[in-house]
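Single-structure report; data block below.
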Amino acid sequence: MVAARVGVLALQGDVREHVSALTACGVLPVEVKRPADLEGLDGIVLPGGESTTMGKLLRIFELLAPLRELIGSGLPAYGTCAGMILLASEVVDGRHDQELLGGLDITVRRNAFGSQVHSFEGPVEVAGVGSVHGVFIRAPWVERAGSSVEVLASVGEHPVAVRQGHLLATSFHPELTGDERMHDYFVTRVVS
Ligand code: GLN
């Protein structure tokens, strides 16, 4: 069987860590830097970083429109942190001109858990995955989730892991922990 090709948006952020996690899951990671890199992908990971910068870079590198279209027509995508923001249909406390890819029927609050000093780590119980070590870095939370969005994990009353069909998003960064179960969930249950 040919390994699935899973892209990692490689404009900014912790690309290498996602590439390693995907490799460990047995798929072929593809760094996506320009539109041609999107060809033949079975899924894509949108890493953490800075969502406003990533939005600008997506436009500059002419990836915004094709990626919006692919995600809108069913390309499986997994967004972590800033990647969750990119997948959201709406953002609170974003920049007024912030570009989103959209697709996921959620409203996210950017920097919801506070500034750098309020970044934290702790166990998070994720439905279908188990307890994972959640690393939250100026992380968003989900403020509103549409009726077709499944909440997989919450911190307090705030969802931090959600899925809507082919789209998966977490506020936290599993790629920084050496635990591949979230990527494995994406590869085996969302991409397949
Ligand atoms: N606060 C960042 C943003 O708004 C996200 C931080 C992260 O990805 N770790 O994009």
Side-chain angles (χ1 to χ4, degrees), residues 6-22 29 31-33 43-61 63-64 67-68 71 77-124 126 132-145 151-156 158-164 167-183 185-186:
V6 178
V8 179
L9 183 65
L11 301 178
Q12 195 222 22
D14 49 356
V15 176
R16 218 166 6 137
E17 291 82 353
H18 280 291
V19 166
S20 309
L22 289 169
E31 291 194 20
V32 172
K33 293 190 175 130
I44 189 162
V45 169
L46 310 170
E50 176 51 55
S51 58
T52 53
T53 307
M54 278 161 79
K56 276 189 208 143
L57 292 173
L58 279 167
R59 180 171 285 289
I60 291 167
F61 285 81
L63 283 164
L64 192 65
L67 205 42
R68 256 186 202 149
I71 289 170
Y78 173 24
T80 58
C81 202
M84 172 191 256
I85 298 172
L86 287 176
L87 285 177
S89 51
E90 202 180 1
V91 57
V92 177
D93 279 351
R95 279 178 53 120
H96 69 283
D97 58 350
Q98 183 163 0
E99 304 276 16
L100 301 176
L101 292 166
L104 196 47
D105 183 17
I106 57 172
T107 303
V108 289
R109 178 172 291 277
R110 194 166 155 252
N111 300 332
F113 287 105
S115 63
Q116 203 72 37
V117 289
H118 295 117
S119 297
F120 65 99
E121 302 184 16
V124 181
V126 182
V132 302
H133 184 70
V135 176
F136 294 83
I137 305 168
R138 298 182 69 223
W141 68 42
V142 175
E143 198 125 307
R144 178 200 61 86
V151 174
L152 302 178
S154 297
V155 168
H158 302 294
V160 293
V162 291
R163 176 179 180 180
Q164 183 184 0
L167 301 178
L168 176 69
T170 58
S171 305
F172 50 90
H173 291 268
E175 75 284 3
L176 299 181
T177 62
D179 175 351
E180 285 98 33
R181 284 175 299 153
M182 279 309 308
H183 291 78
Y185 178 100
F186 178 57

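We count ligands from 1, going down the list as the structure has it; atoms in each ligand are counted the same way. Position 1 is the first residue of the sequence; numbering continues from there. Remember, it's a predicted structure, so these values are computed and weren't measured experimentally.
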* In terms of side-chain geometry, is the basic nitrogen of D93 or R110 positioned less than 4.0 Å from the acidic oxygen of its partner? -> no
* State whether E50 and K56 are salt-bridged, where the test is any N-O pair (Lys NZ or Arg NE/NH1/NH2 against Asp/Glu carboxylate O) under 4.0 Å. => no
Compute the shortest N/O to N/O distance between [X] and ligand 1 and return yes if it is under 3.5 Å, no if not.
X	result
A82	yes
C81	no
T52	no

* **Side chains of V132 and T177 in contact at under 4.5 Å (non-hydrogen atoms)** => no
* Would you say the side chains of T80 and H18 form a donor-acceptor pair under 3.5 Å? -> yes
* **Side chains of E175 and H183, donor plus acceptor under 3.5 Å** => no
Heavy atoms only: give me the nearest [X]-[Y] pair and the separation to one decimal.
X	Y	result
L168	L87	O-CD1, 3.7 Å
G134	V124	CA-CG2, 4.0 Å
I44	V8	CG1-N, 4.4 Å

* Asked: What are the atoms of ligand 1, with element, lying closer than 4.0 Å to any heavy atom of G48?
  -> 8 (O)
* Hey, which atoms in ligand 1 end up nearer than 4.0 Å to a heavy atom of I85? -> 3 (C), 4 (O), 10 (O)
Shortest protein heavy-atom distance from [atom], along with the residue and atom involved:
atom	value
atom 5 (C) of ligand 1	G49 O, 3.4 Å
atom 4 (O) of ligand 1	R110 NE, 2.5 Å
atom 10 (O) of ligand 1	S51 N, 2.5 Å

Side chain or backbone of [X] under 4.0 Å from ligand 1, or both, or neither, by non-hydrogen atoms?
X	answer
H173	side chain
R138	both
T80	neither

* **Shortest heavy-atom approach to atom 1 (N) of ligand 1 - which of N111, I137, L86** => N111
